[in-house]
Amino acid sequence: MRYPPTLLIIATKKLTAECCGYPISIFFIVVNEFCERFSYYGMRAVLVLYFRYFLLWDDDLATSIYHAFVALCYLTPILGAIIADSWLGKFKTIIYLSIVYAIGQVTMAISTIHDITDANRDGTPDNFTFHIALSMLGLILIALGTGGIKPCVAAFGGDQFQEHQSRQLNTFFSVFYLCINAGSLLSTLITPVLRVVFIAGSGMYVKTDPEGNIMWSVCKCIGFAIKNRFRHRSSSYPKREHWMDWANEKYDKLLIAQIKMVLKVLFLYIPLPMFWTLFDQKGSRWTLQATTMSGDFGAFILQPDQMQTVNPILILTLVPIMDRLIFPLIQKCGLNFSPLKRMTVGMLFAAMAFVSAALVQIEIDKTLPNFPSSSESQLKVVNTYSTTLNVTISPNEHLLIESFGVQLHTSKHTYSTISYVKSKPREGKNAIRRDFVLRHGEQWCEFSRKFGFGASYTFLIPSTVFSDDCESITEVEDMKPNSVHMALQIPQYFLITTGEVMFSVTGLQFSYSQAPKNMKSVLQAGWLCTNAVGNIIVLIVAELGKLPKQWAEYLLFASLLVAVSIIFSIMAYFYTYIDPAEIEAQVRKEQGLEPEEMEKETLEMEEKDEDQKNEQGVKQTKI
Ligand SMILES: NCC(=O)N[C@@H](CCC(N)=O)C(=O)O
């Protein structure tokens, strides 16, 4: 006996308590996400500068390791999805990997204490290998924790909604994104305390059981289809509609239909990493760019790494504006701004952001001195005489260069200078911002002057300095202060964040809506993988393409993204949106389930729903 479709789609979810049409349990999930992102972004914001100024790596190495870490964070979701779907379920996976995550943060924090190896107390670690090893271990644990839970949290959130709450489900992803960005705005300190919120909601969640090793079944099914296709490659065998249909002989039709849906979406994802390639350079190249700019906003001084907070601030304003104003307005104008179109426009915005970054870079370059390359040295000769001196450097003369001073022996004179400058001061800061006091025994004098950000000076201090109250100090400006203001980065942040709202929030919703029920976390992991690949591309392009000018690299990335967005728009044109639940029901109907199986399934669901009703006193609804 076949069962009518209405019976086949009896609510498969535990009924949850609602507030304003939303399941109450999602409150705990979004708060948890807020805390998790809080912790992740708090650490990530300072990471590139930690590499640069604590571990003393150069810009390129710091950028590369930063992107390798971000890539790892977005690769581990595959592992998280496997653990959740085939073993622990989403809830337990989130709990256990959060513990790994917290251990990683602690390890990372310990690695930054230079006193551990600073035996001579000179402020610099004596054993860099120790700090590097500890911080790498910390970063790996963090990547495992953050990445592992990420596909589970979004999918777990989606699982809380029932069929009649599809409108709320879409809003959930926007609110979820808002929480991500609200979290990234605040400090990491109270995160461990707040994270218990997730466990507090335990009784209210819809916890779907792991459905067996779904990833493994998918791989085996795909493998079989390929092998079977190869075995029947002769033209005497009739062609099949889809290559996955070659798995029909051995695998369930429902599984094949689900794999087809997932593969269709994954294929569409192929060009997407390029967006993240540009997007994640906010934390590396753009932060390093900010170190060569002035953060003096009058009322406050903005640090280069703090500039990244512009992104979450803009998200908090742009998500509601887009959701409540722009998208409905576009719809009212009769334009079909479908999810995939939004994502394409998002990519174009990101490309424009990089054009803006290139223009800012050109302005900065005008103000930078010519630093010597790795094969060159720079000599500075300071003339302390009141008359003009001619300096002749004979190519045959001995030239002695020391690391913190330069001695120049020429055919006529020997001069000593005190400066050795080959880059802008660290983090755009000067060692001294204002006033310094000179002391010698009982004598002292104070030199008063406001120094600009990122400037470098040489002071010539004569022995008479105490008798004229520091008046005789001569100041030589080796490097001009940063004159391009950090506010000029705001347009690029605005463009990339607008792009992000269109691309990333939509992508998150799209990945959930187009995934079959048992593969929601898998597709979330696939979506997050686009981010991982994006970061790997930064490593490759930045390493291989080593362009001499930073602005040229920005333009290269912008052009690549425009090209990729054109390819994506063509692929999107041929994509047909699906309702996975409908397709699954259709396949089930075509297959026909055994009556006993069907009855058992229905009874089990009804029993569960009844329990739930008694527990929470909520009304049972059948879809
Ligand atoms: N503003 C950055 C942000 O919100 N990032 C999100 C999305 C990342 C992604 N690949 O989907 C985050 O979860 O951190």
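Indexing begins at 1, ligand by ligand and atom by atom, following the structure's order.
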message: For a quick check under 3.5 Å, do Y269 and S511 share a side-chain donor-acceptor pair by atom type?
response: yes
message: I'd like to check which ligand 1 atoms, numbered from 1 as shown, lie under 4.0 Å from a non-hydrogen atom of S504.
response: 7 (C), 11 (O)
For residues 64-78, which side-chain N or O atoms pair as donor and acceptor with protein atoms under 3.5 Å away, sequence neighbours left out?
| residue | atom | partner | partner atom | Å |
| --- | --- | --- | --- | --- |
| S64 | OG | D60 | O | 2.9 |
| S64 | OG | E543 | OE2 | 3.1 |
| Y66 | OH | R44 | NE | 3.1 |
| Y66 | OH | R44 | NH2 | 3.4 |
| H67 | ND1 | N535 | OD1 | 2.7 |
| H67 | NE2 | S284 | OG | 2.6 |
| T76 | OG1 | L72 | O | 3.1 |
| T76 | OG1 | C73 | O | 3.3 |
| T76 | OG1 | A143 | O | 2.8 |

- line: for atom 8 (C) of ligand 1, nearest protein heavy atom and its distance come out as Y74 OH, 3.6 Å
task: Using a strict cut-off of less than 4.0 Å between a Lys/Arg side-chain nitrogen and an Asp/Glu carboxylate oxygen, indicate whether K90 and D159 qualify as a salt bridge.
output: yes
Verdict with reasoning, Q289 to Q550, per side-chain hydrogen bond (donor to acceptor under 3.5 Å, both in side chains): CA-CA 9 Å; Q289 182 184 62; Q550 186 55 55; over 6 Å; no
statement: Counting from 1 in the order shown, the ligand 1 atoms closer than 4.0 Å to a non-hydrogen atom of N531 are 8 (C), 9 (C), 10 (N)
Candidate with minimal heavy-atom separation from atom 2 (C) of ligand 1, of Q524, E500, Q308, R37: E500
- prompt: Which of these, F176, F503, F275, Y177, has its nearest heavy atom closest to atom 7 (C) of ligand 1?
  reply: Y177
statement: Taking only non-hydrogen atoms of N181 and a 4.0 Å limit, the atoms of ligand 1 in range are 1 (N), 2 (C), 3 (C), 4 (O)
Polar side chain donor-acceptor pair, D305 to T287, under 3.5 angstrom: no
message: Around atom OH of Y96, are there more than 12 heavy atoms from other residues, nucleotides or ligands closer than 6.0 Å?
response: no
- prompt: Taking atom types as modelled, is there a side-chain donor on Y50 or S111 under 3.5 Å from an acceptor on the other?
  reply: yes
- request: Run the numbers for me: atoms of ligand 1, each under 4.0 Å from some heavy atom of W527, listed by number.
  value: 11 (O)
field: Protein heavy-atom partner closest to atom 13 (O) of ligand 1 - residue, atom, separation in Å
entry: K150 NZ, 2.6 Å
- prompt: Touching ligand 1 at all, P312? Heavy atoms, strictly under 4.0 Å?
  reply: no
message: I'd like to know if the side chain of Q281 and the backbone of L278 have a donor-acceptor N/O pair within less than 3.5 Å.
response: no
query: With backbone taken as N, CA, C and O and side chain as the heavy atoms from C-beta onward, which portion of N311 lies under 4.0 Å from ligand 1: side chain, backbone, both, or neither?
result: side chain
task: Just go through W276, Y40, Y41, F279 and tell me whose heavy atom is the nearest to atom 14 (O) of ligand 1.
output: Y41
